[in-house]
Number of protein chains: 2
Amino acid sequence: MEAADLFFGAFANKNRFRILNKLNKKSLCAGELQKKLNIEQTHLSHDLRCLLNCKFINVRKDGKKRIYSTNNDTKELVDEVSKHVKKYEKYLERCGVLEKEKNGRV
Amino acid sequence: MEAADLFFGAFANKNRFRILNKLNKKSLCAGELQKKLNIEQTHLSHDLRCLLNCKFINVRKDGKKRIYSTNNDTKELVDEVSKHVKKYEKYLERCGVLEKEKNGRV
DNA sequence: TTATTATATGAAATTTTTTTCATATTTACT
DNA sequence: AGTAAATATGAAAAAAATTTCATATAATAA
């Protein structure tokens with residue numbers, strides 16, 4: 001089950017998920033992503049490396065830019081997860097540090 | 001995109017993923033899960049509450065036990081993710097704190 | 001009504017991840 | 001060669017999640 005842990009380490013992150021969603025629509029270079037998502041440059045760069053290492057995305061060079069893109073498996077996965085998130089949105093609560101007021105006991 | 005963050009907070013966790021996989025096969029009470037997964041009692045309890053809050057799982061009472069189960073949406077999602085994890089296993093690397101030795105530069 | 005089993009809770013301690021900072025690299029242009 | 005633009009890197013700081021601890025509650029049985 002170690003692989004699942006690594007998987008989540010890479011995939012399960014708000015910013016990285018936003019990146020994947022953007023790239024699902026259109027391949028983009030880092031600079032474009034940065035503008036669209038309004039993430040600080042080095043932060044974005046770290047996230048891209050993370051996604052890249054785990055093969056969620058690919059790069060190709062184009063002059064001094066690097067164009068990032070998702071593959072089909074990633075597209076499917078991201079869409080599936082997005083579907084679930086949308087459907088369960090109303091139930092989702094911050095975990096671990098559950099907001100005390102909301103504690104809906106069983 | 002806030003919902004995605006909450007979603008990952010609950011779903012994206014090694015132990016909780018193990019729990020979901022077990023429950024996908026068979027509804028179980030906390031005690032049984034504890035034995036099968038070898039997780040410390042209060043730890044498991046926290047994780048169950050988390051999954052419960054976000055409606056990944058359901059409970060019903062049976063005497064002094066509580067029987068946990070997954071729903072169909074969760075089953076599908078967990079299976080989809082498991083499939084991806086299996087396929088990409090060989091690429092997965094710990095993120096954020098990337099092991100220095102492994103640094104496969106682009 | 002007390003004891004026991006099963007499970008839950010909240011807070012503190014620990015660990016991990018995210019974010020920022022300062023700087024490096026890479027490519028193209030002059 | 002020197003400069004600027006685009007992106008990457010590593011380490012430190014900050015934030016968040018996990019794990020443990022000590023204790024509470026709930027249901028049943030003696």
Side-chain angles (χ1 to χ4, degrees), chain A residues 1-2 4-19 28-54 57 59-68 93-106, chain B residues 1-2 4-19 28-54 57 59-68 93-106:
Chain A
M1 196 61 63
E2 181 61 13
D5 196 26
L6 298 175
F7 170 83
F8 287 130
F11 184 69
N13 171 281
K14 182 173 56 169
N15 277 321
R16 291 195 286 275
F17 194 65
R18 288 176 72 211
I19 293 170
L28 295 168
C29 70
E32 292 170 314
L33 273 170
Q34 201 195 327
K35 264 174 249 152
K36 280 176 190 287
L37 299 176
N38 198 34
I39 306 177
E40 188 258 340
Q41 187 268 316
T42 63
H43 183 187
L44 175 64
S45 192
H46 283 299
D47 277 347
L48 287 172
R49 179 145 79 95
C50 174
L51 291 171
L52 210 48
N53 278 335
C54 301
I57 59 176
V59 230
R60 79 184 151 78
K61 292 185 183 174
D62 175 21
K64 49 186 157 183
K65 295 185 179 176
R66 287 173 177 215
I67 315 291
Y68 291 92
E93 277 181 24
R94 177 145 323 262
C95 219
V97 189
L98 282 162
E99 281 104 341
K100 302 303 175 296
E101 322 84 72
K102 288 198 200 166
N103 269 346
R105 261 71 176 215
V106 184
Chain B
M1 197 61 66
E2 184 59 14
D5 196 25
L6 298 175
F7 170 82
F8 287 130
F11 183 67
N13 171 281
K14 183 172 57 170
N15 278 322
R16 291 195 286 276
F17 193 65
R18 290 175 71 208
I19 292 169
L28 296 168
C29 69
E32 292 170 313
L33 272 171
Q34 200 195 329
K35 263 172 250 154
K36 280 176 191 286
L37 298 177
N38 197 34
I39 306 178
E40 188 258 341
Q41 188 268 317
T42 63
H43 182 188
L44 176 64
S45 192
H46 284 298
D47 278 347
L48 287 171
R49 180 147 77 96
C50 174
L51 291 170
L52 211 46
N53 278 334
C54 300
I57 59 175
V59 229
R60 78 184 151 77
K61 291 186 185 173
D62 175 23
K64 51 184 153 182
K65 295 184 178 176
R66 286 171 180 218
I67 315 291
Y68 292 92
E93 276 181 26
R94 175 146 324 263
C95 220
V97 190
L98 283 162
E99 282 104 343
K100 300 305 176 294
E101 322 85 71
K102 287 198 205 167
N103 268 347
R105 261 62 176 227
V106 182

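In what follows, chains carry the letters A, B, and so on, assigned in the order in which the sequence lines appear, proteins first and then strands, with residues in each chain numbered from 1. Below, all heavy atoms of this structure are taken into account, side chains as well, without hydrogens, waters or symmetry copies.
The separation between H46(B) atom NE2 and dA24(D) atom C1' is 12 Å, rounded to whole Å. With rounding to whole Å, E40(A) atom CD is found 15 Å from dA14(D) atom P. Computed from coordinates, the K65(A) NZ to dA8(D) P distance equals 13 Å when rounded to whole Å. In this structure, D47(B) places its CG atom 13 Å from P of dA17(D), rounding to the nearest Å. Rounded to whole angstrom, the span from the CZ atom of F17(A) across to the P atom of dT18(C) amounts to 15 Å. In this structure, the CG atom of L51(B) is 12 Å from the P atom of dA8(C), given to the nearest Å. Rounded to a whole Å, the CG atom of D62(B) is 18 Å from the P atom of dT5(C). Here the C1' atom of nucleotide dA6(C) and the CD1 atom of I67(B) are 11 Å apart, to the nearest Å.
Direction of the helix axis in the helix from dT1(C)-dA30(D) to dT30(C)-dA1(D) shifts by 10° between the two five-pair termini, rounded to 10°.
Nucleotides of DNA chain C nearest to N15(A) and K64(A) differ in position, and the one nearer the 5' end is that of N15(A). Between A30(B) and T42(A), it is A30(B) whose nearest contact on DNA chain C lies nearer the 5' terminus.
Close to dT18(C), at under 4.0 Å from its OP1 or OP2, lies a side-chain N or O of N13(A). Between dT26(C) and R66(A), no contact under 4.0 Å exists linking OP1 or OP2 to a side-chain N or O. K61(A) has a side-chain polar atom (N or O) that falls below the 4.0 Å cut-off from OP1 or OP2 of dT27(C). Remark: Y68(A) is in phosphate contact with dA8(D), judged by side-chain N or O atoms under 4.0 Å from OP1 or OP2. The shortest distance between the side-chain N/O atoms of R16(A) and the OP1/OP2 oxygens of dT18(C) is below 4.0 Å.
Panel note: side chain R16(B), backbone A10(B); a donor-acceptor pair is recorded below 3.5 Å.
If you take NE2 on H46(B) and CZ on R49(B), they are separated by 7.5 Å, rounding to the nearest 0.5 Å. From T42(A), atom OG1 reaches atom CD of E40(A) across 3.5 Å, with rounding to the nearest 0.5 Å. One distance of note links CG of L37(B) with NE2 of H43(B); it measures 10.5 Å at 0.5 Å rounding.
Residue F8(B) is classed as having no contact, given no heavy-atom separation below 4.0 Å to the nucleic acid.
A heavy-atom distance below 4.5 Å is not found between the side chains of L48(B) and L52(B). In this structure, the side chains of F8(B) and F11(A) come closer than 4.5 Å at one or more pairs of heavy atoms. Looking at heavy atoms from C-beta onward, I19(B) lies in side-chain contact with L44(B) at the 4.5 angstrom threshold.
Between the side chain of Q41(B) and the base of dA8(C), at least one donor-acceptor pair of N or O atoms lies under 3.5 Å.
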